[in-house]
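Per chain, numbering begins at 1; letters A, B, ... match sequence-line order. Atom set for the values below is all heavy atoms of this structure, side chains included, hydrogens, waters and symmetry mates excluded.
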Amino acid sequence: MMFRRKLLTVFALTVFVSVAAVAGLVLAVTRPAFESMEDQRTAALVSQFQRAFKEQGAEIARRVENIANSEAAIRMTTALNANPGDTAGYFELAQSFAESHQLDFLEFVNDRGVIISSAQWPAKFGYPDNAFETLSAASGQDAFLKNEDLQDASALGLFAVRAVGIGDHPIYVIGGRRLDKTFLSTPDLPAGMRVLLYQNQAEHFSPELLLDAGAGKTSDSTRPAEKFESLIDAVRQYRQEMAAVVRWSPDQADDEIFHAIPLMGAGKNPALLAILLIGNSRRPYVELKRSIRNSALLVGGAGIVLAILLSSWAAARVTRPVEQLAAAARDVAAGNWNTVVDVPGNDEIAELANSFNRMTTELLTQKERLVQAERVAAWRELARRLAHELKNPLFPLQLTVENLLRARMQSPEQFEEVFRESSRTLLAEISNLKTIIGRFSDFSKMPHPQLQAVEVNEILRGVAQLFQAQFHADGREAITCNLELEENLAPIAADAELLHRAISNLVLNAMDAMPNGGTLTLRSRGHDGKTIMEISDTGSGLTPEECDRIFTPYYTSKQHGTGLGLAIVQSVVSDHGGTINVRSQPGKGTTFIIELRSGREALANSAAMTSENA
Amino acid sequence: MTRYVWRWLAVSSIWLMAAASAETRPHYGGVLRVMTHTVLASLDPHDDSGLDSFHQCSVMMLMYDTLVTTDASGRIQPSLASSWQSQNGNRRWQFRLRHGIKFDDDTPLTAEGAAASLRFGNSDWSVSADGDSVVIEVKDGDPELPAELALPRNAIAKRNGDGRPYGTGPFRAMEWNPGKKLTFAANDNYWAGRPFLDGVEIEMGKSFRDQLTALDLGQADLVEIAPEQLHRASLEKHHVVSSRLVELVALLFAREATSVEEKNLRAALSLSIDRGSIRSVLLQGEGQATASILPNWLSGYGFAFPADFDLARARAELEQARSAMHAIPSRTIQYDASDPLARVLAERVTLNAKDAGFSLQPTVSASADLRIVRIPLVSADPWIDLTYTALLMGSPLPRTSGSVEEMYAAEQTLLQTQQLIPLLQLPVSYGSSGNLNGLEIRLDGTVSLASAWLEGRKP
C-alpha cells in the first residue's frame, strides 16, 4: 500500500474513531438522562393517577354522602325504621339516584345487610350483600377499591359507603364508579403514555381481563395482551410495584416500559383486585438515540470525507518529498546518477533529501573514478593484449630479418634461398599481424543489427550445416552435432547475419573445447514469451572464475585466443535486447544460453528500432 | 229589587251551567298524539309478526272493523255483520252484512270481499259469500267462532293489489313511516258515525320513561304505561286507565319436559320463584302472581293453581333431579332486550333459581333453553286465549264443547307439560293527558278511540 494511502487511512480511521467515540460518549451520557427523565415522567403519571384516584374517590364519597343526606334517603330510612319490611316502594330508588348522581354502582342496604334497592343489579332486592361487614366498617371513610358482583360477571369499582343514621336501623348507601376505560382515561395522558388495568378476577392470566384506556381493542395481533402475562404474574406473586419492558416488535421504537402497580382492596386482609399498568413508549428515547447515532454517522461521514480531502492535501505535502526521493532512487537505480532531489525546508525529509543528494554525488564521483580506473585497466589490458599479440609475430619477424642479415654476411651463397624462405615467413607473419589487427578492427566496428523476422531454428540449422564438414575433419576427433529444436517457434526480431555469427563463435568455442571429440548440442525452445537457444558441448568445461570473466573482452582461456569472440557474442545478444549466460562444470562441458524476446511484441519493437536506426 | 236580583242570579246560573256543560260535552276536532313502546311492523291485520300485541290490536281497530265485536261484558255484539246464525252444530255460520259500508278506497263492502278477507287469514275455514251474507264452515263445531271473529286479526280488509290493505274503520292511515310514525285521519264516512278526533299521530319505539316524560311535558296525549311504572304514575297524579289482567308473563321452555328429572327440575324452578316479591317490589303491587294461564276473572278457577314459593320443596325436587342426572347443567334464559321488566324478571328468576341450586344464565340470544314471554290474552273468550297459548307452546288443544270443566282440564294438561311456568298476570295501562276524554279500554286490553275527544284543543 502506498505511503500516502496508509497516511490517508490512518487519518480517516482517526477521525472515524474520534467521531464514534464522541457519539458513544454522547449516547452514554444521554441514556441515563433519558431514562431518568422517563422515570420521572412515569412517576409523575403514577402520582397523577394516585391524585386522580383520590379525587375520584373523594368525588364518589361526596356523591354518596349527598345521596345519604337527600330527603328521599332520609324519608326512606325513616319509613323503614317504622316498617322495616316494607321495602317494595324503593325498588327503583337506587337506579334513580345512580343516574342523577352519575354513579355506576349504588345500593341501599339495611342494617342487616339486606339489599333494599340496587342500581347495578336491580333484581337483587331482598338478597344479602355478602361484603356487608367490610362495607359497613368502611362507612364514613375514604373511597376504596372493591370487586362488585354483577349478574353475569364482576366489575372493579371505586366505592364509598355512607350511612343514613336515622333511628335504630340505619340504611347504608354504597355507591361507586366502575374502573373502566372511561375512568382510566380521566387523567390527560402525555403523548406516548397509556394506562391499562388488569382486573385480577381469575386464577390465571386472561387477556380478556385487561382494559386499555386508549384502545378500542385491548389486544390485537400487533400488541397481544399475552405480553403482559409475566409482568402481571410477578405482581400477583409478590404484590409489589414492578416494571418491565414490553417488546411489541423487533423495532425497539415500539417498545414500552410498563410500571405495574398493585391495587388492593379494603379490609384486614385486602385482596389484590387489580393491577394498574402505566406504559411509557420508548419511541422518543429510541428515536433520539437514533437521531444522535445518525447525526454522529452523518458528522462522522462528513468528517471522514473532509478528513480525506484534508489529509490528502496534508499527505501530499508530507509524502511529496518522499515520493521525490523514491523517484530519485528509481532513477539512480536505472543508472541516472545525476539525479538531484530538491526538498526545501529543514525537517527530517529535507535532511534525508540532502543526504540522498550527497550520496548520489558521491556515488557519481566514485563511479567516474571507477570508470576511469576500468578505462585505464582496459587500456592496459588492450596494450598487454596488443603487445602480446603483436609480440608473437614480431619475434619471428625479428628472427627472420636477423637470419637474413646473418645469411648475407655469413653465407651469401645461401642468401638467396634464405631470402626466399625468410620472405615467405615475413609475409606469413605480416599476414598474421593483419589478421590480428583485422580482428581488433572488427570488434571496434561491430555493426548495429538490422532486425527482421528470423526463424531461430533456421539459423541453428544453418550453423550446424556450416560446420558439418569441420566436425568430421581429418586430423581431429569427430564431433557429433545434435539438433534439439522445438518446432513452431515464433519468429524473433533479429539480424540473421549477426546472430549467425554469434552462434558460429559459440560453436567454434565448443569445437575448441572438444579437441578429443564430443557432442555438440544445439537446442531451441520457447518459454514465457522468449526464445531460448542453448549451445552445449561435452568439452573440458570452465571453472566458476572463468565463467565470471568469460565475457570480458580480451579475456581468453585459450592459448591463441584474442578474448574477443565471446565479447562479440555478448555484444550481439545485447544489441538484440537479449541475455546470454553460461553454465558449466569442469570436465563435463559448457552450455551457453541465449534468451531473446520473441513474438509480435519483439517484431513491433524491432520495427520501431529499425525506424529509429533509419 | 229582590225580584231583579233573583232574575239576574237565575240568568247567570243558567249561563254558567251552559258554559260548564259545553266544556264537558264531546266535540269534534283535534289530533290525538300517541306514543308507544311497541314498534308496529305492518298495517296488515293478517300479518302475525306482531304477536297480537295490544298496541297492534288497538291500531288495527282504528283502521278496520270486524264482523262482530265484544262489549265491555265480553258479549258478542254486531259490527259489520248486523246479525248471524249458526247451523249444523256450530259447523256452519252465516253472518249478514250491513248495507252501505265502504272501504277507504270508496268501494262498497260486499260479502265476497269480506269472505276473501277472512279466507286470507284462516286457511282451515271454508268461507264463502251467500248474497249479502258471509258463510263460514268449520270441520268441528265451534261455538266460539263469533268471539274468534271479533279478534283484530280477523278484521275485514281489502287488498287492491297495490300491497296496501284498506279498511272500513273510523280512521284511515295517511302517513306510514314504518317503525317510527303513523298518522291517521278521521273517516268522515264511517258507518258508525265520524269519530270526534280529526286525526291520530302515533310515535313508536319510545321508552316507557320517555313516554311519561312526554306526557308530563304535554308532548303526548296518550302513552303506554309499563306495569312496573303504574304505581309511580299513579303517585304522580297521571290519568291512568288500566284493563283487567289480560297479559300473562311466563317462562316458556323450548321443549316439553319428557323425562322425570326434567320435570323435577322445572318444578324446582317454579317453586323457587318468589312471585310475591316480584309482584310487590318489581310491579309495586300491580298485577297478580299466578300459576295459571288464564286469570281468575276470565276462567273462574284461577285460584285452583296456587303460586307457591317453597324453597325447601324446590331443593328437594332439584335433589331428585340431580340424583337422576348426576350433574344439572346450566340453562340459559332469554329475555327481550327492549323490555326492561323482562330483563329484571330474568335476573330475579336467575337469583331465585340459584337459591334452589339451579344455575340459569340470562341472555338475549334467541337460542336459549327457556325464555320470558308475554302472552296477550286478546279475547274475552277464555277458550280462545287458552287455544292461543297452547298454539304458542306448540301443543294445540282438541276442540271441546267449551265447558268450564273441560277448559280447566285443558289448562291443567297444558301446565302439566311443564313447558310453561306462569309467573304474573298483568293489566294493560295507559296514561292520558287531562284533556283526553271518552277513552275506552276494551275487555281485551285494546284502546278504543271511536268515542274519544280532546278538550280545549283547537283543530
Side-chain angles (χ1 to χ4, degrees), chain A residues 70-73 75-80 82-102 104-110 112-132 148-155 171 201 208, chain B residues 207-210 212-213 226-236 272-287 289 309 311 330 332-335 337 339-356 359-365 368 372 423:
Chain A
S70 68
E71 189 181 339
R75 218 168 35 229
M76 174 182 69
T77 308
T78 306
L80 290 177
N83 188 1
D86 189 11
T87 61
Y90 310 108
F91 168 68
E92 290 186 322
L93 191 62
Q95 287 175 275
S96 172
F97 268 121
E99 284 180 14
S100 62
H101 287 72
Q102 295 180 323
D104 298 317
F105 308 111
L106 185 65
E107 279 182 348
F108 292 104
V109 180
N110 67 16
R112 290 177 284 115
V114 175
I115 297 170
I116 298 167
S117 178
S118 172
Q120 62 269 26
W121 195 350
K124 214 176 178 185
F125 61 87
Y127 277 81
D129 190 322
N130 296 330
F132 178 69
E148 179 67 18
D149 290 332
L150 300 178
Q151 170 65 43
D152 47 359
S154 64
I171 298 296
Q201 295 171 348
E208 306 298 326
Chain B
S207 71
F208 292 111
R209 180 166 299 182
D210 288 347
L212 266 183
T213 305
E228 63 272 21
Q229 289 187 318
L230 199 55
H231 182 70
R232 178 185 156 200
S234 300
L235 291 176
E236 292 175 356
S272 70
I273 299 170
D274 185 2
R275 296 172 177 80
S277 289
I278 292 173
R279 176 180 172 268
S280 64
V281 178
L282 289 187
L283 301 178
Q284 304 289 294
E286 301 294 336
F309 167 59
L311 208 53
S330 175
T332 51
I333 175 170
Q334 185 239 333
Y335 61 91
D339 185 350
L341 177 62
R343 177 181 177 175
V344 181
L345 261 179
E347 292 179 355
R348 186 68 183 184
V349 167
T350 300
L351 276 170
N352 287 164
K354 188 179 176 185
D355 290 342
S359 175
L360 284 177
Q361 186 64 42
T363 179
V364 293
S365 168
I372 290 187
L423 298 177

Q) So, for B/E347 and A/P122, which heavy atoms are closest and what is the spacing to 0.1 Å? A)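 Of all heavy-atom pairs spanning B/E347 and A/P122, the closest is OE1-CD, 4.0 Å.
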Q) Do you know which two heavy atoms are closest between B/S280 and A/A88, and how far apart they sit? A)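 Between these two residues, the closest heavy atoms are O-CB, 3.0 Å.
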Q: Flag the one option from B/L345, B/L351, B/V344, B/T350 with the top tally of heavy-atom pairs under 4.5 Å to chain A.
A: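 Heavy-atom pair counts peak at B/L351.
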Q. For B/D274, is it the side chain, the backbone, both or neither that has a heavy atom under 4.5 Å from a heavy atom of chain A?
A.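 No part of B/D274 comes within 4.5 Å of chain A.
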Q. For B/R209, is it the side chain, the backbone, both or neither that has a heavy atom under 4.5 Å from a heavy atom of chain A?
A.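 Contact with chain A: side chain only.
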Q. Rounded to the nearest 0.5 Å, what separation is found between the CZ atom of A/F91 and the OG atom of B/S277?
A.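 Between atom CZ of A/F91 and atom OG of B/S277 there are 11.5 Å.
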Q) Is it true that the NZ or CZ of B/R348 lies under 6.0 Å from the centre of A/F125's six-membered ring and within 45 degrees of the ring axis? A)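 Cation-pi check for B/R348 and A/F125: passes.
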